[in-house]
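All remarks here apply to the structure that follows.
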Amino acid sequence: MPFLETRPELNLVVWPEDRACERPWLMENIVGATGVIVMLTDKVDAELLDKAGPSLKVVSTMSVGYEHIDLKAAAQRNLMVGYTPDVLTDAVADLSVMLALMAGRNGGIGVDLVQKGQWSNFSWAPFGFCGPQLSTTPASPTRKIGFLGFGRIAQATLARLVPFGVTHCLYSSNPSSSPDHARDAALAKQYNLRAVSKVDIDELSRESDVLFVLAPGGSDTHHIVNEVLLKKMKRTSILVNASRGTLVDSDALAKALREGWIWAAGLDVVEGEPNVTIDHPLVKEPRCVIVPHIASATLETRGEMATRAAKNVIAGILGGEMPSRVDLSAVL
């Protein structure tokens, strides 16, 4: 906000609370606006854009995803749309590794036991609370890390996993894109890996010790993690989703955990969020660690996201070049 307040040519109307904006307030105050900054929780549809009126030039979202924005409606009104890519990469990669460790080492179960005051009732056992080790050992010298989607965040996650002794990186991405053999060879050399390989989704599910879901949302990837995929995974494997909840079939994952098809799961996102209650099938699973969509929630990253969103809206209003603009040329 201080960044915007330094611009005297702007007349700011600001939602006064540190929580998601209520839609009635947004509908009332967007009338006559030239630009608007929204969050992932704000539905930007034809109704809202019509309410704003013809003065609106730019919609800037403080998020890397923009599924909450009706891009066709924006394009029809010749609007510019800004978003905040790149700045989230490191924070999301950090949390992805955290989820893998928490899930694999029964972190959720352990924290719950302590917080419920049950530690004193726990009898130590040679294999109590044991789970698969993320790092390699002399007795287990191979680790294959899989990525569903292999963009910036996936590659940043891989970099963080190298000190754990990862030996192979497998990934599956857009089927229409050709493998980048030169890039993969360079990554393998840089991180001293035996291989970085693009594989089909069947091999990805069969071979991965940890499978990170870091692909875009949308109809093409809806429930791409389903019963068929989960049944092919190793019984000691970990599934991590820090992208979009819609990529994972929640009922299928709950069944996989309940019946032991995979070891555990770590989720930053769940389909239907934030309406994820104590009765949700995944919340009931002890080996499913769930955090409430906080992958970008560091002071540094949220500050950079806010600044990028502000710069986007200022450029859109004043006619400058937006730092991060969604390409709407193919929408109509």
Side-chain angles (χ1 to χ4, degrees), residues 64-65 85-86 88-101 103-104 132 134-136 142-218 220-226 228-234 236-249 253 256 262-269 295:
V64 66
D86 305 328
L88 289 75
T89 300
D90 289 326
V92 178
D94 289 350
L95 185 117
S96 296
V97 175
M98 183 195 85
L99 287 172
L101 287 166
L134 180 59
S135 56
T136 54
T142 301
R143 288 293 180 274
K144 295 183 179 181
I145 303 299
F147 294 96
L148 188 52
F150 200 54
R152 291 183 297 268
I153 295 173
Q155 292 176 44
T157 303
L158 173 62
R160 284 155 172 77
L161 292 169
V162 170
F164 288 88
V166 171
T167 54
H168 297 74
C169 170
L170 311 175
Y171 70 91
S172 181
S173 56
N174 191 329
S176 63
S177 63
S178 300
D180 189 338
H181 296 297
R183 180 205 61 189
D184 294 350
L187 285 173
K189 182 178 181 181
Q190 179 182 356
Y191 296 134
N192 195 28
L193 304 177
R194 295 180 198 170
V196 174
S197 309
K198 182 176 183 179
V199 298
D200 61 42
I201 198 166
D202 288 343
E203 183 175 350
L204 185 74
S205 55
R206 287 196 313 270
E207 296 295 327
S208 298
D209 294 304
V210 183
L211 177 54
F212 292 91
V213 181
L214 292 167
D220 290 343
T221 55
H222 182 261
H223 286 188
I224 192 169
V225 178
N226 52 26
V228 174
L229 183 150
L230 291 163
K231 283 183 176 179
K232 293 175 182 175
M233 293 179 68
K234 300 176 183 179
T236 55
S237 63
I238 311 297
L239 179 79
V240 174
N241 185 9
S243 54
R244 291 289 178 265
T246 54
L247 275 72
V248 176
D249 182 336
L253 178 56
I262 66 172
W263 185 266
L267 309 176
D268 181 53
V269 290

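Side chains included, hydrogens not; waters and symmetry mates left out as well; all remaining heavy atoms used. No experiment lies behind these values; they were computed from the predicted model shown.
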Query - Shortest non-hydrogen contact from Ala215 toward Ser243 - result: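 Distance-wise, the nearest heavy atoms are O-CB, 3.2 Å.
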Requested in this report: Not counting sequence neighbours, which residues clear side-chain hydrogen bond (donor to acceptor under 3.5 Å, both in side chains) with Ser237? List them please.
Outcome: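 Applying side-chain hydrogen bond (donor to acceptor under 3.5 Å, both in side chains) to Ser237 gives none.
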Report task. Using side-chain hydrogen bond (donor to acceptor under 3.5 Å, both in side chains) as the criterion, list what pairs up with Thr136, not counting sequence neighbours. Result ->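 Expected list: none.
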Looking at residues at least two apart in the chain, or sitting in another chain, which of them share a salt bridge (charged side-chain N to carboxylate O under 4.0 Å, His left out) with [X]?
X	answer
Asp90	Arg160
Asp180	none
Asp209	Lys234
Lys232	Asp202

Query raised in the report: Does CG belonging to Asp220 count more than 12 external heavy atoms closer than 6.0 Å?
Result: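 Open.
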Under the salt bridge (charged side-chain N to carboxylate O under 4.0 Å, His left out) definition, can you give me all pairs with a residue in [range], not counting sequence neighbours?
range	value
residues 167-178	none
residues 181-198	none
residues 143-154	Asp86-Arg152, Lys144-Glu207

**Report entry** Pairs touching residues 174-217 that satisfy ring pair (Phe, Tyr, Trp, His ring centres under 6.0 Å), sequence neighbours left out
**Finding:**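 Qualifying pairs: Phe147-Phe212.
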Query - From Leu211 atom CG to Ser172 atom OG, the distance as rounded to the nearest 0.5 Å - result: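 Separation between the atoms: 9.5 Å.
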Query raised in the report: What distance separates Ser208 OG from Leu239 CG, expressed to the nearest 0.5 Å?
Result: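 It is 10.0 Å, given to the nearest 0.5 Å.
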Report task. For Leu101, check side chain to side chain contact (heavy atoms under 4.5 Å, CB included) against everything at least two apart and list the hits. Result ->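 Only Val97, Leu134, Phe164 meet the side chain to side chain contact (heavy atoms under 4.5 Å, CB included) criterion with Leu101.
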Report task. Under the ring pair (Phe, Tyr, Trp, His ring centres under 6.0 Å) rule, collect the residues that match up with Tyr171, sequence neighbours excluded. Result ->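 Residues passing ring pair (Phe, Tyr, Trp, His ring centres under 6.0 Å) with Tyr171: Phe150.
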Query - Passing option when Val269 is tested against Asn241, Val213, Leu247 for side-chain contact (heavy atoms from CB on, under 4.5 Å) - result: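 Only match with Val269 under side-chain contact (heavy atoms from CB on, under 4.5 Å): Asn241.
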